[in-house]
Amino acid sequence: MYSLKLFTSFFFSFTLAFLLQTSFGADPLFHFCSSSENFTAHSPYELNLKTLINSIVYKTPSTGFGLGSVGQYQNQKAYGLALCRGDVLASDCKTCVSEATQEILNRCPYNKGSIIWYDYCMFKYLDTDFFGKIDNTNKFYMWNLKNVSDPSTFNYKTRELLSDLAQKAYVNPKLYATGELKLEKSETLYGLTQCTRDLSSIDCKKCLDDIINELPNCCNGKEGGRVVGGSCNFRYEIYPFVKE
């Protein structure tokens, strides 16, 4: 069982409990619809957005990341990107991005900006250029409801692992890293860090450092947790969750 907490300029913060699902066809982890402005049906922006989505779905699976913009005039231009988790196969990446782009249009049908996250991918679009900028607006926490027996030691080990993975991710061309750390009683802690590849390596490191600093607010003494944002995310568990 997991809990989730949201932080965004468009929503009030709240918590709820739900069963985490990771298979395709399940609900997304979460999504945000921008409340800044809407577009009308059959408008130039809608046409540009749909062209952009087709391009993103086509480009993303081969490398796990895709971005682009479509439109000639600024008030009609759509910007978007998709990111798949670094261990996901191209076929699963394509399935996830295809599902994400269609689902977000159902959930935010006339919003000029929105973002959606699944376990395997995320998709984000906006009517302004957001490339290369750390997204501190869209963010949510998830944590396992089970508590560890020694929170102080476990929290220290969790930060140690995630900080090490942040160091590895920002020098990796994919801005992605996974790893593990042995704990007592033959247990192992598994972790993942990742950034969207529109960020510079330095901004990736800053983004990861900032969300790792949120560990006490997110996941204090919890067996698993994640902070997921529009530009970077981390996850840790006491069981393996990435593909070999």
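Predicted, not measured: the structure shown is a model, and the values here were computed from it.
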(request) Specify the closest pair of heavy atoms between D87 and K243, including all atoms of both residues, with the distance to one decimal. (result)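 That would be OD2-N, 2.6 Å.
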(request) Give the minimum heavy-atom separation between Y45 and Q76, together with the two atoms involved. (result)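 Closest pair (atom of Y45, atom of Q76, distance): CD1-O, 3.6 Å.
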Does any non-hydrogen side-chain atom of [Y] lie less than 4.5 Å from one of [X]?
| X | Y | answer |
| --- | --- | --- |
| F123 | C96 | no |
| F65 | T196 | yes |
| Y118 | E103 | yes |
| L105 | T101 | no |

(request) Among E237, K182, E180, find the residue that satisfies the side-chain hydrogen bond (donor to acceptor under 3.5 Å, both in side chains) test when tested with T188. (result)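 Among E237, K182, E180, the one that satisfies the side-chain hydrogen bond (donor to acceptor under 3.5 Å, both in side chains) with T188 is K182.
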(message) Within a 6.0 Å radius of atom NZ on K94, are there more than 12 heavy atoms belonging to other residues, nucleotides or ligands?
(response)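 Atom NZ in K94 is not packed in, count stays at 12 or less.
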(message) Please verify the inter-ring angle class for Y110 with F39; under 30° counts as parallel, over 60° as perpendicular, anything in between as tilted.
(response)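 Aromatic pair Y110/F39 classed perpendicular.
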(message) Using 30° and 60° as the class boundaries, would you call the ring planes of F140 and F32 parallel, tilted or perpendicular?
(response)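 F140 and F32: perpendicular rings.
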(request) Determine if the SG-SG distance between C84 and C121 falls under 2.5 Å. (result)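 Between C121 and C84 there is no disulfide, given that their SG atoms are not under 2.5 Å apart.
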(message) Strictly under 2.5 Å separating the two SG atoms? Check that for C232 and C207, please.
(response)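 Their SG atoms fall under 2.5 Å; a disulfide, then.
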